[in-house]
Amino acid sequence: MDEVWDVVVVGGGHAGCEAAAAAARMGARTVLLTHRRATLGEMSCNPAIGGIGKGHLVREIDALDGLMGRAADAAGIHFKLLNRSKGPAVRGPRAQADRTLYRQAVQSLLAEQAGLAIREGEAAALRLDGGGAVAAVVLADGTALRCGAAIVAAGTFLRGRIHVGAESHAAGRVGEAPSVALADVLQRLGLPLGRLKTGTPPRLERASVAWDALQDDPPDSVPEPFSSMTRGIVTPQISCRVTGTTEHTHALIRANIHRSAVYGGQIAGRGPRYCPSIEDKVVRFPDRPRHQIFLEPEGLDDPLVYPNGISTSLPVEVQTALLATIPGLERARIVRPGYAVEYDYVDPRALHRSLEVRAVPHLFLAGQINGTTGYEEAAAQGLLAGINAARRCSGAEPVVLDRADGYLGVLIDDLTTRGVTEPYRMFTSRAEYRLSLRADNADLRLTGIGIGWGCVGRERQLAFAAFRSELAGARARSIAEFATARDMRQIGIAAATGQRRSLFDLLAASDVHPGQLGALFPWVSALAPRVFVALQADAHYAGYLPRQEAEIRAFRRLEATPLGAAVNYDAIGGLSAEVRARLAAARPASLGHAARLEGITPAALAALGAHVRRAHPPKRFT
């Protein structure tokens with residue numbers, strides 16, 4: 001018999017789990033369809049969450065009441081704030097996770113979510129209504145899940161194929177069948193498909209690594225949680241180790257490069273430039289004598305180790321020989337060989353910024369199917385797809401974040417405007433307004449927006465109100481309270497005779513540490529850690545933010561200048577044939593959107609601006 005739902009989510013990876021939870025939080029009756037319930041929340045590659053840029057995404061997901069931050073806090077066994085020596089805008093929270101604890105945390109959060117059901121099965125077809133909109137997801141057994149909206153978050157499963165040397169077989173990941181029927185459906189719908197590839201390193205037996213001979217990589221002494229709802233990290237913290245490749249490693253790879261699945265010609269899909277295989281590193285950087293490897297245990301009691309930095313698709317015997325050339329891994333035993341996986345993706349320029357497919361209303365795509373790589377990028381898309389799918393069912397307008405709102409907005413805009421030529425990965429350098437889009441202020445930027453959308457629960461609303469109030473009070477007090485020159489000198493802060501400095505000014509000084517501030521202003525020591533971090537970052541950038549705010553206002557003026565779907569670009573003078581073709585294909589909604597298209601020159605933008613002014617002249621008042 002047919003089943004009736006508001007939202008059907010296909011895929012139980014990071015995108016699918018966030019999408020299903022978000023849709024259910026919005027009040028939609030939601031079902032999450034997965035091949036195997038036991039693998040929900042599986043960390044199929046690197047056992048870590050966050051990093052540079054990626055950590056910002058996790059904080060923003062959390063600010064909108066998503067799952068990833070809370071799951072990482074429950075499972076993290078090695079927390080570290082990356083770029084600590086740099087400014088707050090580019091610091092990246094990261095946590096290595098216990099795979100089992102992370103999967104359990106995700107599944108527990110899904111089980112607690114009201115309005116969400118989980119169903120095992122394979123999506124084999126999509127049923128459309130008379131207007132061409134998705135009306136149902138049809139399972140392999142013939143059951144139809146009728147719905148108001150469907151989200152496909154298929155990860156690397158669309159015609160997925162695993163490669164190890166010259167050997168290959170169909171799989172979405174090790175031990176799991178690919179989604180061939182669903183890929184065929186998307187192709188028949190006329191969606192623009194391509195091929196990408198990613199990879200993973202061999203998993204090593206933990207007991208076979210010579211740990212004591214290697215450089216220690218300790219976690220932070222005080223773990224910094226991802227989620228504002230986490231009171232503290234209670235999971236035991238462990239050290240990792242660091243090693244690296246050698247000249248012997250590189251010589252062995254060069255001698256066997258023709259046996260790599262990538263360089264042997266078996267793979268057509270392009271891999272991630274910023275997370276390359278060890279073969280890519282040796283070929284692209286021939287003068288580098290060493291490439292660093294982080295040895296990360298996959299759990300507190302897990303017998304496996306993830307050697308982060310040597311993703312490979314070389315034959316198993318070459319992988320074994322390769323390890324023997326690396327300090328500490330001379331006797332390492334491979335439990336599972338590294339491999340490359342090639343899969344179908346949909347050109348994300350086929351999507352609206354709501355992540356709804358332009359040509360197929362009510363169908364949303366999220367995650368690696370849109371050409372991204374990484375858990376965090378997938379989860380971010382899933383969250384926004386879930387929110388918009390639920391809104392679609394209720395008849396509400398879609399919601400989007402722009403590039404000045406958050407890294408979530410940067411991610412979606414980059415994908416839907418520029419498309420991808422390789423798996424997309426988030427970096428802080430992608431954000432023009434990163435001084436404003438810091439990890440420490442994600443909830444200040446986005447939780448209020450999420451409350452307006454209806455995706456933030458009551459518990460987080462109350463916690464956010466308390467945090468915002470405490471921070472506002474601390475900021476006002478820090479501006480109003482001053483230290484004298486005598487006070488500052490007594491605790492080792494240089495000060496000219498008669499000088500007075502506000503606490504807010506001292507917070508911004510790089511040569512003043514928290515202990516000194518606490519000696520001058522004892523109440524500072526009693527602030528919640530995240531309040532102090534946000535206050536200090538606010539002070540650090542106080543002199544820069546007015547200029548960035550002016551840039552954001554200029555950006556939003558361009559975003560608010562509409563072009564409209566019916567513009568006849570052939571009728572606009574000053575545009576080349578190439579520019580006209582690009583504009584006609586993308587149909588940018590605004591002047592700002594057009595400015596970010598590849599190949600749109602300043603002259604072309606000026607011509608578009610002149611067209612808009614002629615079509616919508618300013619009103620004259622007499």
Side-chain angles (χ1 to χ4, degrees), residues 14 46 48-64 66 68-69 72 79-96 220 224-228 272-276 292 294 308-309 348 370-381 383-384 401-418 420-446 508 510 530 533-534 536-552 555 596:
H14 301 277
N46 190 0
I49 297 294
I52 308 299
K54 290 171 174 282
H56 290 69
L57 284 175
V58 180
R59 287 279 176 82
E60 293 183 355
I61 291 165
D62 184 70
L64 294 171
M68 182 168 273
F79 281 82
K80 183 167 286 189
L81 184 65
L82 307 182
N83 276 351
R84 186 180 289 276
S85 63
K86 298 183 179 180
V90 295
R91 292 174 188 162
R94 182 186 188 271
Q96 183 189 333
D220 287 346
E224 186 173 311
F226 282 104
S227 177
S228 63
R273 183 179 8 155
Y274 299 108
C275 190
Q292 200 167 52
F294 290 89
N308 192 347
N370 291 335
T372 61
T373 183
Y375 306 146
E376 303 82 1
E377 292 87 347
Q381 294 171 70
L383 176 79
L384 291 173
L401 295 170
D402 67 30
R403 301 183 71 87
D405 286 324
Y407 280 78
L408 288 167
V410 173
L411 168 67
I412 302 302
D413 187 65
D414 279 351
L415 293 175
T416 58
T417 299
R418 299 168 182 167
V420 299
T421 55
E422 62 187 51
Y424 179 101
R425 178 176 179 171
M426 179 54 70
F427 294 100
T428 53
S429 58
R430 295 191 187 274
E432 306 92 317
Y433 311 115
R434 55 185 171 273
L435 299 189
S436 302
L437 308 182
R438 305 187 306 271
D440 64 83
N441 68 1
D443 46 0
L444 293 171
R445 290 184 281 110
L446 297 180
S510 59
R530 61 190 296 263
V533 167
Q536 190 174 42
D538 194 11
H540 182 83
Y541 289 116
Y544 303 92
L545 289 178
R547 184 174 64 183
Q548 183 142 114
E549 288 165 359
E551 293 170 352
I552 290 172
F555 159 76
R596 295 190 298 279

Under the rule for ring pair (Phe, Tyr, Trp, His ring centres under 6.0 Å), what residues qualify as partners of [X], not counting sequence neighbours?
X	result
Tyr541	none
Tyr375	His14
Phe294	none

With heavy-atom distances below 4.5 Å as the criterion, would you say the side chains of Val420 and Leu415 are in contact? yes
So do Thr428 and Tyr407 actually touch side chain to side chain, heavy atoms under 4.5 Å? yes
Give the minimum heavy-atom separation between [X] and [Y], together with the two atoms involved.
X	Y	value
Pro225	Phe79	CA-CE2, 4.5 Å
Arg445	Gly406	NH1-CA, 3.4 Å
Ala89	His56	O-NE2, 2.9 Å
Leu437	Ala404	CD2-O, 3.3 Å
Asp440	Ala537	OD2-CB, 3.4 Å
Ala508	Ala539	CB-O, 3.4 Å

Calculate, to the nearest 0.5 Å, the distance between atoms [atom1] and [atom2] belonging to [X] and [Y] respectively.
X	Y	atom1	atom2	answer
Leu401	Leu383	CG	CG	9.0 Å
Asp402	Asp413	CG	CG	8.5 Å
Asp538	Asn441	CG	CG	8.5 Å
His540	Arg438	NE2	CZ	9.0 Å
Ile52	Arg94	CD1	CZ	10.0 Å
Ser227	Met68	OG	CE	12.5 Å

Quick one: list whatever passes side chain to side chain contact (heavy atoms under 4.5 Å, CB included) with Ala380, sequence neighbours left out. Leu57, Ile61, Leu408, Leu411
Quick one: salt bridge (Lys or Arg N to Asp or Glu O under 4.0 Å) partners of [X], sequence neighbours excluded?
X	result
Asp414	Arg403, Arg418
Arg434	none
Arg91	none

Identify every side-chain donor-acceptor pair in residues 542-552 under 3.5 Å, counting partners at least two apart or on other chains, and give the distances.
{"unit_1": "Gln548", "atom_1": "OE1", "unit_2": "Leu435", "atom_2": "N", "d": "3.3"}
{"unit_1": "Gln548", "atom_1": "OE1", "unit_2": "Ser436", "atom_2": "N", "d": "3.0"}
{"unit_1": "Gln548", "atom_1": "OE1", "unit_2": "Ser436", "atom_2": "OG", "d": "3.0"}

Backbone N/O of Arg425 and side chain of Arg430: donor-acceptor pair under 3.5 Å: yes
Side chain of Asp62, backbone of Ser228: donor and acceptor closer than 3.5 Å? yes
Side chain to side chain donor-acceptor pair (under 3.5 Å): pairs with one or both residues in residues 79-89, sequence neighbours excluded: Lys80-Asp217, Arg84-Asp220
Please enumerate all residues that pass side-chain hydrogen bond (donor to acceptor under 3.5 Å, both in side chains) together with [X], with sequence neighbours excluded.
X	result
Glu376	Lys54
Gln381	Asn370, Thr372
Gln536	none

